[in-house]
Number of protein chains: 2
Amino acid sequence: MVRTMGDTMNIGRAAKLSGVSAKMIRHYESIGLFPKPLRTNSGYRIYAMTDVHTLKFVKRARALGFSMADIKKLVGLWRSKTRESAQVKAMALSHIQELEQKIQELKSMSEALKKLTCHCHGDERPNCPILDDLASE
Amino acid sequence: MVRTMGDTMNIGRAAKLSGVSAKMIRHYESIGLFPKPLRTNSGYRIYAMTDVHTLKFVKRARALGFSMADIKKLVGLWRSKTRESAQVKAMALSHIQELEQKIQELKSMSEALKKLTCHCHGDERPNCPILDDLASE
DNA sequence: TTTAAAGCTTCCCATTGTGGGAAGGTCAAG
DNA sequence: CTTGACCTTCCCACAATGGGAAGCTTTAAA
C-alpha cells in the first residue's frame with residue numbers, strides 16, 4: 001500500500017469512525033453527495049478526518065429526516081463561506097412542515113384504527129367490525 | 001370481443017370504479033395479492049363487481065397504512081368463513097403500535113428541528129446554529 | 001367500410017435509502 | 001505462502017407507485 005501522509009484511512013475505518021456504513025459511503029459518492037476520494041495505487045479509497053466529519057454531518061441530518069437532496073444542499077451551505085443562515089432556516093422550516101404533515105397523516109390512521117379496534121370483540125367468532133369497515137360502501 | 005355474461009368489465013372500468021389505478025391492479029395481481037382474472041380471447045383482463053369490492057377493500061386498508069403483506073392476510077381473513085376476529089384485532093393493534101412509534105420518531109425530529117430553528121437568526125449572515133449542531137461533536 | 005383514437009397487453013426503468021451477496025483483487029499476520 | 005480480513009465493482013432486493021415504449025384490440029366517428 002502507498003504510504004499516505006497524515007491520518008488517512010480506508011473506507012472501513014471511516015465507516016467505523018463516522019457511523020455510516022461503507023456501503024452508504026460509496027452510495028453517497030455515487031450520487032454526488034460526497035466528493036470522489038483519492039485512491040491508493042491498488043484502488044482503495046483514502047479518507048481523512050474531515051471526511052469523517054462530513055459523514056457525521058450527513059448522518060445527523062438523516063436522523064432529522066432530511067432527504068438526500070436537502071442534505072446535499074446543506075453540506076454545500078455548510079462548506080460555503082458566503083452562505084446566508086436564512087437559507088438554512090428556510091429549509092429547516094419547510095422540513096418541519098413536511099414532518100408535521102406526515103405526523104398528522106399517521107395520527108389520522110391511528111385514530112381511525114383505534115376506533116375500529118375498540119368495537120371489535122376480538123374473540124373466536126368471525127364477526128369483525130374492522131373488516132366490515134374496510135369492506136363498507 | 002367475447003361476450004361475457006353479467007356485469008363484467010375491463011381493467012380501466014374496474015380501476016375507475018374502485019379508485020385503484022390499472023397499473024396497481026396489475027401490480028397487485030403480480031404479487032399474488034389479487035387472483036389472476038379471466039381473460040378475453042384477445043387477452044384483456046375481465047373483472048366483476050366482486051373484484052371491484054376487493055379493490056376498494058385494499059384501497060381502504062392502504063389508506064390506514066397497512067403493508068401489502070398485512071393486506072394480503074386481511075383479504076384472506078375477509079374471505080374466510082372460519083376466521084376469528086381476534087386475529088384481525090391483533091393485526092390492527094400491532095399496526096397501531098407501529099404507527100404510534102413512527103409518530104414518536106417524527107415528533108422527535110420535528111421537536112429537535114424546532115429548537116434549532118428558533119435559535120437561528122435566519123438572516124444574511126453565515127452564522128447558523130442549525131449547521132453548527134449538525135456538525136457538532 | 002375505413003380510419004383514428006382510446007384502451008389494453010407486457011416489459012423496462014425510476015423513485016428513496018439501505019442492505020445482501022458474488023466474484024475477484026489486496027493487505028497483514030502467522 | 002497461506003489464510004483471513006478487507007477492499008473493489010456490479011447486480012439484486014425491499015414497498016408502492018408512476019412513466020413510458022412497442023404493439024395489439026376495440027370503439028367511435030367519418
Side-chain angles (χ1 to χ4, degrees), chain A residues 1-4 8-34 36-47 51 55 58-75 95 98-99 102 105-106 109, chain B residues 1-4 8-34 36-47 51 55 58-75 95 98-99 102 105-106 109:
Chain A
M1 143 162 194
V2 169
R3 265 276 128 253
T4 54
T8 63
M9 64 196 88
N10 59 25
I11 200 170
R13 182 130 190 80
K16 226 169 252 167
L17 289 181
S18 66
V20 177
S21 73
K23 210 87 176 177
M24 276 298 99
I25 297 177
R26 294 191 197 98
H27 179 61
Y28 291 162
E29 178 188 331
S30 79
I31 63 173
L33 194 155
F34 210 74
K36 289 181 191 293
L38 292 176
R39 303 281 188 127
T40 65
N41 284 346
S42 55
Y44 283 24
R45 289 172 177 79
I46 303 172
Y47 296 97
D51 297 310
L55 287 170
V58 172
K59 189 181 174 159
R60 288 184 158 240
R62 283 291 309 145
L64 287 175
F66 280 104
S67 68
M68 288 293 110
D70 278 357
I71 294 176
K72 204 184 280 195
K73 288 181 205 162
L74 287 173
V75 172
H95 183 47
E98 290 168 17
L99 289 171
K102 192 74 192 166
E105 287 171 16
L106 296 182
M109 293 181 189
Chain B
M1 143 163 194
V2 169
R3 263 275 129 255
T4 54
T8 63
M9 66 196 86
N10 59 25
I11 200 170
R13 182 131 190 79
K16 227 167 252 168
L17 290 180
S18 66
V20 177
S21 74
K23 211 87 179 180
M24 277 297 100
I25 297 176
R26 294 191 197 98
H27 179 61
Y28 291 162
E29 179 187 330
S30 80
I31 63 174
L33 193 154
F34 209 74
K36 289 181 191 292
L38 293 175
R39 303 281 188 128
T40 65
N41 284 345
S42 56
Y44 282 25
R45 289 170 176 81
I46 302 172
Y47 297 97
D51 298 310
L55 287 170
V58 172
K59 188 181 174 160
R60 287 183 160 240
R62 283 290 311 143
L64 287 174
F66 281 105
S67 69
M68 290 291 111
D70 279 357
I71 294 176
K72 204 184 279 194
K73 289 181 206 159
L74 287 173
V75 172
H95 184 47
E98 290 169 18
L99 289 172
K102 191 74 192 166
E105 286 171 18
L106 295 182
M109 292 180 189

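Quick note on labels: first sequence line is chain A, next is B, and so on, each numbered from 1. Excluded from the calculations below are hydrogen atoms, water molecules and symmetry mates; all remaining heavy atoms, backbone and side chain alike, are included. What you are looking at is a predicted structure, and each value in this text was computed from that prediction instead of being measured.
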Quickly work out the [X] [atom1] to [N] [atom2] distance and round it to whole Å.
X       : N      : atom1 : atom2 : answer
A:Asn41 : D:dT8  : CG    : P     : 14 Å
A:Met9  : D:dA5  : CE    : P     : 22 Å
B:Asn10 : C:dA6  : CG    : C1'   : 11 Å
A:Ile46 : C:dC27 : CD1   : P     : 11 Å
B:Lys36 : C:dT9  : NZ    : C1'   : 14 Å
B:Leu33 : D:dA15 : CG    : C1'   : 13 Å

Any heavy-atom pair between the side chains of [Y] and [X] that's under 4.5 Å?
X       : Y       : value
A:Val58 : A:Leu33 : yes
B:Phe34 : B:Val75 : no
B:Tyr47 : B:Ile25 : yes

Where along residues 12-30 of chain B does a heavy atom come under 4.0 Å from DNA chain D, residue by residue in number order? B:Ser21, B:Lys23, B:Met24, B:His27, B:Tyr28
Excluding sequence neighbours, so at least two apart, what forms ring-ring contact (aromatic ring centres under 6.0 Å, His included) with A:Tyr44? none
Would you work out how much the helix from C:dT1-D:dA30 to C:dG30-D:dC1 bends between its ends, with each end axis defined by five base pairs, to 10 degrees? 30°
Do A:Tyr44 and D:dC6 share a donor-acceptor pair, side chain to base, under 3.5 Å?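 Answer yes: a donor N or O sits under 3.5 Å from an acceptor.
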Locate the shortest heavy-atom distance separating B:Ile46 from B:Thr8; write the atom from each residue and the value.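 It is CG2-CB, 3.6 Å.
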Does a nitrogen or oxygen in the side chain of [X] sit under 4.0 Å from OP1 or OP2 of [N]?
X       : N      : result
A:Arg62 : C:dT18 : yes
A:Ser42 : D:dC7  : no
A:Arg45 : D:dC7  : no

In chain order, what residues pass the salt bridge (charged side-chain N to carboxylate O under 4.0 Å, His left out) check against B:Lys59, with sequence neighbours excluded?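 With sequence neighbours excluded, B:Lys59 shows a salt bridge (charged side-chain N to carboxylate O under 4.0 Å, His left out) to no residue whatsoever.
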Which residues share a side chain to side chain contact (heavy atoms under 4.5 Å, CB included) with A:Lys73, sequence neighbours left out: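 Result, side chain to side chain contact (heavy atoms under 4.5 Å, CB included) vs A:Lys73: A:Asp70, A:Met91.
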More 5' along DNA chain D: A:Arg39 or B:Ile31, using each one's nearest nucleotide?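 Going by which nucleotide is closer to the 5' end, it is A:Arg39.
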Filter on side-chain hydrogen bond (donor to acceptor under 3.5 Å, both in side chains), then keep only pairs touching residues 11-34 of chain A, sequence neighbours left out; what's left?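 Sorted pair list: A:Glu29-A:Arg45.
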Enter the distance from A:Met109:CE to B:Phe66:CZ here, rounded to the nearest 0.5 Å.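 Here the interatomic distance stands at 10.5 Å.
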